[in-house]
Colleague: 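Got a structure here, written out as structure tokens. Questions coming.
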Amino acid sequence: SGQGPITVLWKRLERHQARGIIQRYSVNYTLQQDEEIHTPPPTTCCNITLSGTPQLVNVSAYNSVGATHPATLNLVRDQLPVLNITVLNYDDQVQVCWVTSANNVLGFVVEWINMNLPEDSSDWKKIPALDECMDLKHG
């Protein structure tokens with residue numbers, strides 16, 4: 001039905017991408033009318049309670065000059081870029097694979113947390129659109 005809470009997460013821009021000091025992030029989506037949430041840095045997530053089914057969620061960063069081009073998340077179920085995810089654990093690595101369902105994917109971001117390290121030990125990696133697997137070394 002598309003109703004209920006969702007959490008939107010994003011990555012901080014690299015210094016060269018930000019082109020200045022980020023003053024706020026904007027998350028917007030459309031139901032009957034545009035809804036917008038503003039968060040100050042260093043916040044990189046927000047919770048939204050949906051009362052309907054939006055098709056797109058956009059995240060933009062703002063500095064003193066203006067906004068970045070928005071990152072867009074498509075929430076339409078039959079247009080999701082990944083249909084299936086499998087995780088295989090080997091002796092010294094974990095392999096994450098997925099099946100791509102969309103042709104217009106620019107790439108993927110895989111994020112993981114090392115459970116053997118302190119709480120803030122998440123890491124992530126950009127994966128090219130044509131790749132459908134990634135290996136993570138233990139340790």
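Along the sequence shown, residues carry numbers from 1.
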Colleague: Rounded at 0.5 Å granularity, tell me how far CD in Gln17 sits from CG in Asn63.
Modeller: 12.5 Å

Colleague: What's the separation between atom CG in Asn84 and atom OG1 in Thr100, rounded to the nearest 0.5 Å?
Modeller: 11.0 Å

Colleague: Do you know which two heavy atoms are closest between Asp131 and Ile127, and how far apart they sit?
Modeller: CB-CG2, 3.5 Å

Colleague: Test Ser64 against Gln23 for side chain to side chain donor-acceptor pair (under 3.5 Å), laying out the working first.
Modeller: CA-CA 7 Å; Ser64 61; Gln23 297 171 341; 4.9 Å; no

Colleague: Of all residues at least two apart in sequence or in a different chain, which pass the disulfide bond (SG atoms under 2.5 Å apart) check with Cys97?
Modeller: Cys133

Colleague: Any non-hydrogen side-chain atom of Thr44 less than 4.5 Å from a side-chain atom of Lys11?
Modeller: no

Colleague: Report the distance from atom CD1 of Ile85 to atom CD of Glu132, rounding to the nearest 0.5 Å.
Modeller: 11.5 Å

Colleague: Using the salt bridge (charged side-chain N to carboxylate O under 4.0 Å, His left out) criterion, which residues pair with Lys125? Sequence neighbours excluded.
Modeller: none

Colleague: Below 4.5 Å, heavy atoms only, C-beta onward: do Val8 and Val59 meet side chain to side chain?
Modeller: yes

Colleague: State the OG1-CH2 distance between Thr86 and Trp98, to the nearest 0.5 angstrom.
Modeller: 9.5 Å

Colleague: Considering all heavy atoms of both residues, which atom of Pro70 and which atom of Asn58 are nearest to each other, and what is their separation?
Modeller: CB-CB, 4.0 Å

Colleague: Roughly how far, to the nearest 0.5 Å, is the CD atom of Gln95 from the CG atom of Asp135?
Modeller: 5.0 Å

Colleague: Sequence neighbours left out, what passes side chain to side chain contact (heavy atoms under 4.5 Å, CB included) with Thr39? Give chain and number order.
Modeller: Trp10, Tyr25, Ile37, Thr43, Cys46

Colleague: What heavy-atom pair brings Tyr62 and Ser26 nearest, and what distance separates the two atoms?
Modeller: CE1-CB, 3.4 Å

Colleague: Would Leu136 end up clustered with Val87 when hydrophobic side chains under 4.5 Å apart are linked, directly or stepwise?
Modeller: yes

Colleague: Quick check: closest heavy atoms across Val109 and Trp124, and the distance to 0.1 Å?
Modeller: CG1-CE3, 3.7 Å

Colleague: Evaluate the side-chain proximity of Val27 to Ile48: yes if any heavy-atom separation is below 4.5 Å, no if none is.
Modeller: yes

Colleague: Hey, are the side chains of Leu13 and Ile22 touching, using non-hydrogen atoms and a 4.5 Å cut-off?
Modeller: yes

Colleague: Should the heavy atoms of other residues, nucleotides or ligands under 6.0 Å from CZ of Arg19 be counted, would the total exceed 12?
Modeller: no

